[in-house]
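Reviewing the structure listed below.
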Amino acid sequence: MAPHFIFPRHLQDLDQDHEDNRLFVHNSLDISSLHPSQIEELVKGVSFDLSDKELFCVEEQDVFDRVYSLIKGYANLPRTCKLNLVESLRSNLSVLLPNVDSLSRVSHNDDEVPVLDRVSSHRNAFKIYTFFLLHIVLAEESNTSSKVVAASTRKKQPANSWNWEPQRARILNLIANSLEINLGLLFGSSDPDESYLSFITKNAFSMFENATLLKEADAKDALCRIIGACSTKYHYMAQSCASIMHLIHKYDFVVTHIADAVVGAEKKYADGSLATSLVREIGRANPKDYVKDTVGAENVGRFLIELADRLPKLISTNIGILVPHFGGESYKIRNALVGVLGKLIVKAFKDADGEVSSKSIRLRTKQAMMEILLERCRDVSAYTRSRVLQVWAELCEEHSISIGLWNEVAEVAAGRLEDKSAMVRKSALNLLIMMLQHNPFGPQLRIVSFEATLDQYKKKLKELDPAVPSEGVTDDLPSVADNFDDDGEVDNLNFETVAKEQQDSLTDTCLSQTEEANLQNNNLPDVGNLEQTRALVASLEAGLRFSKCIEASMPTLVQLMASSSATDVENTILLLMRCKQFQIDGSEECLRKMLPLVFSQDKSIYEAVENAFHAIFIRKNPVETAKNLLSLATDSNIGDLASLEFIVSALVSKGDISSSTISALWDFFCFNVAGTTAEQSRGALSVLCMVAKTSNGVLGSHLQDIIDIGFGRWAKVDPLLARTACLAIQRLSEEDKKKLLANSSIRIFGILQSLISGFGLPGNIWYAATDKAIAAIYAIHPTPETIAADIIKKSLSSVFNDGGGDLQSENDSSSGITPVTVQVEKLSRCLFLISHIAMNQLVYIESCARKIQKQKITKEKKEIENQSIDSNGTSSTGTQKDSDINAELGFAASEDAALDALFEKAEKEIVSGRSNEKNLIGICATFLSKLCRNFGLMQKYPDLQASAMLALCRLMIIDADFCDANLQLLFTVVDSAHSEIVRSNCTIALGDLAVRFPNLLEPWTENMYARLKDPCASVRKNAVLVLSHLILNDMMKVKGYINEMAIRLEDEDERISNLAKLFFLELSKKGNNPVYNLLPDILSKLSKQKLSKDSFCNIMQFLIASIKKDRQMEALVEKLCNRFSGVTDVKQWEYIAYCLSQLSFTEKGMKKLIDLFKTYEHALSEDSVMDHFRNILNKGKKFAKVELKSCIEEFEDKLNKFHMEKKEQEVTARNAQIHQQKIGSRGFTVATISEDHQVSNTASDEIDGEVVDACSEEITLSLNDKLKSKLHVLEECSGVSNELTETNLEEIEVESSMVNTRGVQRSRAKKSSMKDGKRDISVTKLRTVRTRRYTPLDDEE
């Protein structure tokens, strides 16, 4: 019988001799010293013995020694030898395993070999084969990991060469199979030797650390089976759990594979002890450990989620062990537990079998888990709050939320829309989208429909149960949660019938409330008995509550569309699209507000808006698409129309708006569709004008229709139709314009002139129509100035020649000028015409200049092309020489200069006229200037003032001289006009003037900023917009008045506040962040203004938050600290300290703050200042390293000590003042004589004493040189206390008293230095001086 084989700790331990009867190596060979042929012979001999002899031959000493030698020198073996050795050992072990089962069938009467000897031989061979095969695997893995070979450099191996990966999988699977047989026959008990299990598990877990190995499915499965068998079947639990936890904490790639092993063990052996032990191990861990080990916490969390997903029932029974970790500081563990609860709610409670009591327990457990999830929505960590909302969305998708909790979850999600974290808001938006998509209330959620249906079923409920009063129908109804089973489904209700009855289609929103009520009255489905009706009423109330909850969140969604976070905007648009699909009230209005976002510079936002627009308004049916577009056009304001035009142009260029849609729009415009209104016709033409911006030829096919319908009888029905027709004429292509002039020039210009000159349109619409009509004339007329002059003359004639007006000029009759009476409305229209024609004339001149420049460039290009084509011709050579000579002489430049001078002259002649005479507009401009200066008349007629000032501003924009002459008038009016419309118009005009004539407006910058303080919100809003445009586009320098813009951050009007915030955010993105340079100046000026403390703090907090760079933060620390030096006001100390506390301190910034202590030490006596510095130090401790942290703590002690000293000095100063007050109130006097210096002369005997601050306690007074000073000293028999408590100080009223000091004023320079705190007199010294100087007149002794 061979010695027993015992697993050694290391392979080399087999060389050592042991006293006990164990198998060890007697004769080891050094493989490295052998020749390759000798090695090959040795391997062949071993392979022959292993295959020819019995399976147990490996325990023979000679075979054992040779196999050991080969394993020890395995790295030196050639590939073929490795293959032979591995195959021999593996095949023998695979044959040995079935023989183990045959041991139970061996008879005890067998004469050949005793049974115990056979079992011992099997056990020895089993151990030896397993030992050597595992060592081969370890040797190969260590050899593979030590060699890093690029895949591209590997050569193709021969077919018979060594390929390790398949061999490794076979060996590991063989060992896994060996653990699944009945090893109790070999080891004599249910569990094998601990040394065997230790050896197997140790090496298996070490292989789990190899990520490459785990990528091979067969090898990974074998390792999982090995772990599962050792831990579960053979109860090697404690050691396995420790190793598994070590792997999970250390390696993130093992999490799913370990979970596979744990789940596989539970499935194979129907024993979840390994999973339970691991969960308990995690639950027993200290929550603080996960704060330090963030990687481990994340891996543990993933592992728990994997187990909950695959073993939900087992984890649900042990979830109580993990719940206490919700109170831990690691948000990653809390995130994981939230995910675990989500998996359990979905999967752990689906079993419908069981008793009623067990069902009730499961339901209560599920309810408790959901309540925990609701509570976690208010977690301190944004990551956890976001994760909880994601889990709720998953539960919603799995239909695992009961209607009893549905509205609570919806309200929580709606509340999280205002969360400060963008990721939480994103999760909340996604949750609401999912809740709408999977809502149990039906495909349309209009509140009116729900209320109508609910009222009908309440009446029916009253009929079924007359005992229930109508007012209190819902009071006796069962709760919504009572009507649903465990999975949140309706219990025995025909709710789908009602849902079907409520809606006709997803997109039908045209039913009136009356029609809906009639529909529900006539087709009310029967849902059953009383209980079912009660449950349905409760469900309808839940649906109504859900619909109202979503509807109430619309204002928040509008705010989110203005968010700086692109994800907020994108997900808000998606939610609004879903809301419109389910017909939520207010969703369509909110979607209209997304249109301006097409101008966003963020590509993702633009694409989201475009996709949403396409999904909502573009349909397969072209008629529906046309109807949607024209409805948008008719209901949109000016800003929305600009956005709509941008989107329509983009869709046309992409082909999303087809030709059939354009044809449908023409049908609506031409009233070819039955029931078309004039408003719809106008909307269709407006959309066609938008299409024409991209597709020029769209309007040419219906020119006659545009004229006939746009200016015909339908224009009287909808006056704005004429304005839209004028716009269509402007958008005509060049070919269509020529065609129009050739066929209908007289008619079209006559129509336009009559539109301008006539009074057929209402006043407010006439201005808009005339605007477009004049633009149309300048767009198509070959010489527009001639027809424009005729229009002005007619207008002037109608104003001044027609009598019966209501406005009389106040001219002096003695001057010989006859007073003229005019109508205000006619004069207002005339002034509008003059100014608008002048403006269009300017635009026309500029367009002509561009055409000439373009033609010139085109001509030059053609000349260059011709020269290049005919480069060998003599004529071209001569032309080239001429052009070169012209270029050298500067003829080309002079030609450009002549053109520029010509255009400048043409622009100047619009208002100023020629040198000798003024033209038509110039004469009107003089009249207009005088009219605007007649302030009495303007105040009497505010509408006339609005028109006159608007006309004046337009003419000022055209001509620089006219602008300069009337600037003072403009600023006077903008400052003093009673009408807010006039002030708003003038404010907007100032922006245009600043762009056109910046040098003229530069001296008036302060007056422009003054508009920010206007009492009217609309004027302030326009001022913010104008200044933002000028500053952000570098057309105005940021002057020293930017503090006025900063004050608008706290404007009472929310829109103005938001505009100011947007301005500073955009300003901070420019260059090197100008806000950083402006901040000290803003701080200085704001601290001197009458602002509330809260407003100041909010403004500075916002501005400081826009500074992101650490370098700028560090520089601000120095700038703000230095501002303490020149400030004596306590309020400014507080403000500077607050600004410091809002900075994001780095290590360098903190050191700079400590070094600049001298600059702010005098301000530390104030408690509020000290509190801000404490906040700074507390923030610094959070990020500081050990060395810096000690410096901060030392500095904090220094601050506290200095603060206390300052406080004591203040108390002492007040004590001295109170003491002097008491001295002046008693009947003791003393004469003092100046010993060293003369006393200054004063005009009176009694002069109030001046008490200097705590840093210098000298008191200086001037005395009359003719009188001796008298001091009244308080002296009692029992002595006088020199100290007062703080309570006494508060109760005593301090007054100034006459105090004489001795020799404290030597010169004015000395006095000044003493007041600055450079010389202090201590309290003790002061008391000593008093004792020496004061002599009582009466002796009380």
Side-chain angles (χ1 to χ4, degrees), residues 2-3 5 7-8 11-12 14-15 23-100 102 118 121-144 157-178 199 203 218-219 222:
F5 179 79
F7 283 94
L11 179 66
Q12 291 77 7
L14 291 175
D15 284 325
L23 187 62
F24 65 93
V25 177
H26 290 182
N27 185 17
S28 175
L29 299 175
D30 185 7
I31 300 299
S32 60
S33 63
L34 297 179
H35 193 270
S37 59
Q38 294 175 323
I39 295 174
E40 190 172 349
E41 288 297 325
L42 178 62
V43 172
K44 285 182 179 179
V46 169
S47 300
F48 179 78
D49 289 342
L50 290 175
S51 58
D52 189 55
K53 296 183 180 180
E54 290 186 351
L55 295 172
F56 318 123
C57 68
V58 74
E59 63 178 351
E60 295 177 5
Q61 192 64 53
D62 178 54
V63 177
F64 182 79
D65 289 351
R66 284 183 290 159
V67 173
Y68 168 79
S69 300
L70 290 173
I71 299 298
K72 184 178 179 182
Y74 183 81
N76 299 316
L77 296 181
R79 291 182 173 181
T80 54
C81 295
K82 288 181 180 180
L83 179 61
N84 291 337
L85 178 62
V86 169
E87 282 295 328
S88 299
L89 293 173
R90 189 187 61 79
S91 61
N92 278 19
L93 179 58
S94 62
V95 174
L96 178 65
L97 295 182
N99 290 342
V100 174
S102 66
R118 289 179 62 83
S121 297
H122 274 80
R123 182 168 59 247
N124 261 6
F126 178 80
K127 288 182 177 181
I128 293 170
Y129 286 131
T130 304
F131 179 78
F132 284 145
L133 282 172
L134 270 179
H135 265 290
I136 289 174
V137 174
L138 294 175
E140 277 291 344
E141 291 305 316
S142 62
N143 187 38
T144 303
Q157 298 177 353
N160 61 348
S161 65
W162 172 251
N163 189 4
W164 166 241
E165 283 77 12
Q167 296 295 334
R168 177 180 60 198
R170 293 193 192 103
I171 293 171
L172 293 176
N173 272 299
L174 183 60
I175 294 172
N177 293 335
S178 70
F199 176 76
N203 291 296
D218 292 339

message: L97 vs F126, test: side chain to side chain contact (heavy atoms under 4.5 Å, CB included). Steps then yes/no.
response: CA-CA 8 Å; L97 295 182; F126 178 80; 3.7 Å; yes
field: Contact summary for Y74 and E140, nearest pair of heavy atoms
entry: OH-OE2, 3.0 Å
- request: Tell me, with the steps shown, if R66 and D49 meet side chain to side chain contact (heavy atoms under 4.5 Å, CB included).
  value: CA-CA 11 Å; R66 284 183 290 159; D49 289 342; 2.3 Å; yes
query: Y68: what forms a ring-ring contact (aromatic ring centres under 6.0 Å, His included) with it, not counting sequence neighbours?
result: none
message: Between W164 and E141, does the side chain to side chain contact (heavy atoms under 4.5 Å, CB included) criterion hold? Intermediate values first, please.
response: CA-CA 9 Å; W164 166 241; E141 291 305 316; 3.0 Å; yes
message: Checking F132 now: which residues fulfil ring-ring contact (aromatic ring centres under 6.0 Å, His included) with it, not counting sequence neighbours?
response: F64
- prompt: Looking only at heavy atoms, what is the nearest atom pair of I39 and P78, with distance?
  reply: CG2-CD, 4.0 Å
- prompt: Is a side-chain donor-acceptor pair under 3.5 Å present for E87 with Q167?
  reply: yes
- request: Please identify each residue that fulfils side chain to side chain donor-acceptor pair (under 3.5 Å) with N203, with sequence neighbours left out.
  value: none
Non-neighbouring partners of D218 that pass side chain to side chain donor-acceptor pair (under 3.5 Å), sequence neighbours left out: none
Listed once per pair and sorted, the side chain to side chain donor-acceptor pair (under 3.5 Å) pairs that draw on residues 128-137, sequence neighbours left out: N92-Y129
query: Nearest heavy-atom pair of H26 and D65: which atoms, and what distance?
result: N-OD1, 3.3 Å
- line: What one should report as the nearest heavy-atom pair of V86 and L133 is O-CD2, 4.3 Å
message: Going by side chain to side chain donor-acceptor pair (under 3.5 Å), name the residues that satisfy it together with S88, two or more places apart in sequence or in a different chain.
response: S47
Minimal non-hydrogen separation, A222 against A176, with atom names: O-CB, 3.8 Å
